[in-house]
Amino acid sequence: MQRLYRKRIVLGVGGGIAAYKSAELVRRLRDHGAEVRVVMTQGGREFITPLTLQALSGHPVHLDLLDPAAEAAMGHIELARWADLVLIAPATADLMARLAQGVANDLLTTVVLATNAPVALAPAMNQAMWADPATQANREQLLSRGIRLFGPGSGSQACGDIGMGRMLEAEELARAAADCFETGMLTGKHLLITAGPTQENIDPVRYITNHSSGKMGFALAEAAAEAGARVTLVTGPVFLPTPDRVQRIDVVSARDMLAACEAAMPCDILIAAAAVADYRPEVVAPHKLKKDPSTGDGLLLQMVRNPDILATLAGRADRPFCVGFAAETENLLEYAARKLRDKNLDLIVANDVANPSIGFNSEDNAVSVIDRQQHETRFGQASKGHIARALVAFIAERYKES
Ligand code: PMT
């Protein structure tokens with residue numbers, strides 16, 4: 001199992017002798033399935049060449065904040081949004097101090113300030129520098145802001161000293177990075193998640209569908225599995241690999257999706273991210289429809305309502321904690337709140353699909369979650385993987401309070 005499968009890791013390389021281990025770390029992270037983008041500080045470049053890390057990561061290394069060409073390719077804000085995790089290894093005493101103060105005077109520290117992703121540091125420095133009260137105060141400050149520290153380890157150091165301050169080995173860091181995604185918040189719970197579009201047949205060769213790619217629902221399934229849940233993912237036709245530890249059930253139409261969901265019940269939490277067709281043709285023609293001169297240039301299709309999967313499951317006696325999605329192009333919060341009420345939901349995730357960078361088939365998303373008290377919680381633009389982990393954590397909290 002690749003524990004970092006498809007995870008996007010920004011690896012920051014600071015200026016310490018342990019930077020030579022960063023090359024191996026890139027390899028280990030990729031072996032575990034991660035996509036890695038490297039950001040180097042000026043000091044980091046004194047110890048290892050960008051070319052080495054470019055060759056190992058398969059991507060150009062990001063070096064400067066004020067380089068117009070680099071910013072045009074993938075700017076610091078884009079890099080910050082792209083990341084599922086920012087891992088800095090080695091993190092020198094100087095880098096720790098700057099991060100503790102919120103200084104943003106180079107590309108790496110700016111990315112850390114700009115990201116919503118978790119940040120982890122692998123400290124590496126001389127034992128006396130590590131023990132210094134200033135470094136320890138910075139360590140406390142960083143921990144209090146939710147920044148994680150991997151290590152340091154103890155042992156003989158490049159300078160000849162023995163003590164705390166060694167950077168952990170690459171494999172230990174890769175495993176610690178994978179642990180960041182394993183929260184255990186939903187251990188023992190069964191989550192049912194719907195994803196993708198449905199297809200409603202018109203005749204044997206044509207159907208009605210929509211632009212859902214399934215990315216949001218699959219990211220939720222992956223995040224829920226990482227949170228320790230047993231996950232059943234019922235999906236319409238999409239071209240996505242099944243996340244690890246997820247039971248996937250493929251369906252085509254809305255009625256198939258309802259039947260698969262009912263068969264998967266009971267569950268503790270239902271998250272309905274699928275874009276289900278509200279209507280289907282009343283009659284599916286047994287043969288391919290031919291152009292009919294008697295109807296001129298038009299074709300009239302009589303449509304009938306599909307069952308509402310979410311409302312049906314929310315109305316059962318063994319009703320789970322129900323989370324819907326509302327994809328809207330106008331009056332987002334008003335329409336979402338109405339769906340929350342009409343479908344008897346616990347939470348609804350409002351998704352502005354008028355913006356192509358955060359809607360159907362996009363890599364990113366930005367959503368607002370509305371609860372029964374009409375409180376709105378906003379999740380700013382980030383990768384669908386990141387949004388999914390944040391949503392799963394939020395849903396787990398609300399589920400526990402319910
Ligand atoms: O798949 P992606 O390309 O990643 O895009 C993600 C997404 C935009 C599809 C997703 O984030 C999203 O917003 N999904 C809901 C889309 C939608 O069609 O919402 P709706 O407003 O029509 O439906 C409201 C809720 O009821 C949804 O939770 C939907 O799954 C559910 N529903 C709707 C109709 C129906 N017959 N049965 C349902 O269960």
Side-chain angles (χ1 to χ4, degrees), residues 2-5 7-41 43-44 47-48 53 56-57 80 83-100 108-109 111-113 115-127 129-132 134-158 161-184 226 386 389 393:
Q2 290 187 302
R3 290 185 63 211
L4 287 167
Y5 179 63
K7 296 291 181 297
R8 299 156 157 194
I9 297 183
V10 168
L11 175 63
V13 178
I17 181 62
Y20 79 92
K21 293 187 189 173
S22 307
E24 182 61 16
L25 178 55
V26 174
R27 291 195 54 190
R28 289 280 157 265
L29 293 171
R30 293 193 71 193
D31 287 349
H32 284 279
E35 227 185 292
V36 182
R37 300 289 168 103
V38 178
V39 175
M40 298 184 82
T41 65
F47 288 91
I48 182 169
L53 297 176
L56 292 170
S57 67
D84 291 322
L85 172 70
V86 177
L87 169 59
I88 301 181
T92 60
D94 171 64
L95 251 176
M96 285 180 63
R98 285 191 287 140
L99 292 170
L108 182 55
T109 48
V111 167
V112 170
L113 273 195
T115 194
N116 285 327
V119 177
L121 309 183
M125 66 197 73
N126 166 269
Q127 52 84 23
M129 292 170 76
W130 174 252
D132 190 278
T135 305
Q136 289 306 308
N138 290 333
R139 170 182 167 274
E140 291 297 325
Q141 171 72 10
L142 291 164
L143 288 172
S144 73
R145 293 215 308 266
I147 292 181
R148 297 154 209 239
L149 261 64
F150 299 164
S154 178
S156 64
Q157 303 197 303
D161 281 3
I162 296 175
M164 287 289 282
R166 278 173 62 96
M167 187 165 98
L168 296 186
E169 297 305 319
E171 183 57 31
E172 288 176 285
L173 290 175
R175 273 194 254 119
D179 289 345
C180 288
F181 298 99
E182 310 270 336
T183 64
E226 285 166 358
H386 181 75
R389 281 188 289 281

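In what follows, residues are counted from 1 in the order of the sequence shown.
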Between His32 and Tyr5, does a side-chain contact (heavy atoms from CB on, under 4.5 Å) hold up when you go through it step by step?
-> CA-CA 6 Å; His32 284 279; Tyr5 179 63; over 6 Å; no
Over all atoms of both residues, closest heavy-atom pair of Ala178 and Arg3 | CB-CZ, 3.5 Å
Quick one: pull up CG in Leu56 and CG in Leu29 and give me the separation to the nearest 0.5 Å.
-> 11.0 Å
Any chance you could lay out the side-chain contact (heavy atoms from CB on, under 4.5 Å) test for Ile162 and Gln127, step after step, and finish with the verdict?
-> CA-CA 7 Å; Ile162 296 175; Gln127 52 84 23; over 6 Å; no
Which atoms form the tightest heavy-atom contact between His386 and Pro118, and what is the distance?
-> CE1-CD, 4.3 Å
Rounded to the nearest 0.5 Å, the CG atom of Leu168 sits from the CG atom of Leu173 at a distance of 5.0 Å
Please name the pair of heavy atoms, one in Phe47 and one in Gly16, separated by the smallest distance, quoted to 0.1 Å.
-> CG-O, 3.5 Å
Check for a donor-acceptor pair, side chain of Arg166 on one end and backbone N or O of Ser156 on the other, with a separation under 3.5 Å.
-> yes
Rounded to the nearest 0.5 Å, what's the gap from CE on Met125 to CE on Met167? Could you check?
-> 11.5 Å
Please, which pairs that meet side chain to side chain donor-acceptor pair (under 3.5 Å) have at least one residue in residues 84-97, sequence neighbours excluded?
-> Asp84-Ser383, Asp84-Arg389, Asp94-Arg98
Applied to residues 7-24, the side chain to side chain donor-acceptor pair (under 3.5 Å) test, sequence neighbours excluded, yields Lys7-Glu222, Lys7-Glu226, Lys21-Glu169, Glu24-Arg28
How close do Met164 and Ser154 get, heavy atom to heavy atom, and via which atoms?
-> SD-CB, 3.7 Å
Do Val119 and Arg145 come within less than 4.5 Å of each other through their side chains, counting heavy atoms only?
-> no
Atom pair CG/CG of Leu113 and Leu99 - distance to nearest 0.5 Å = 8.0 Å
When rounded to the nearest 0.5 angstrom, what is the spacing between CG in Leu108 and CG in Leu95?
-> 5.5 Å
Nearest non-hydrogen partners of Ala19 and Val13, listed with the distance | CB-CG1, 3.9 Å
Ala23 to Leu53 - nearest heavy-atom pair and separation | CA-CD2, 3.7 Å
To the nearest 0.5 Å, tell me how far Leu25 CG sits from Glu172 CD.
-> 11.5 Å
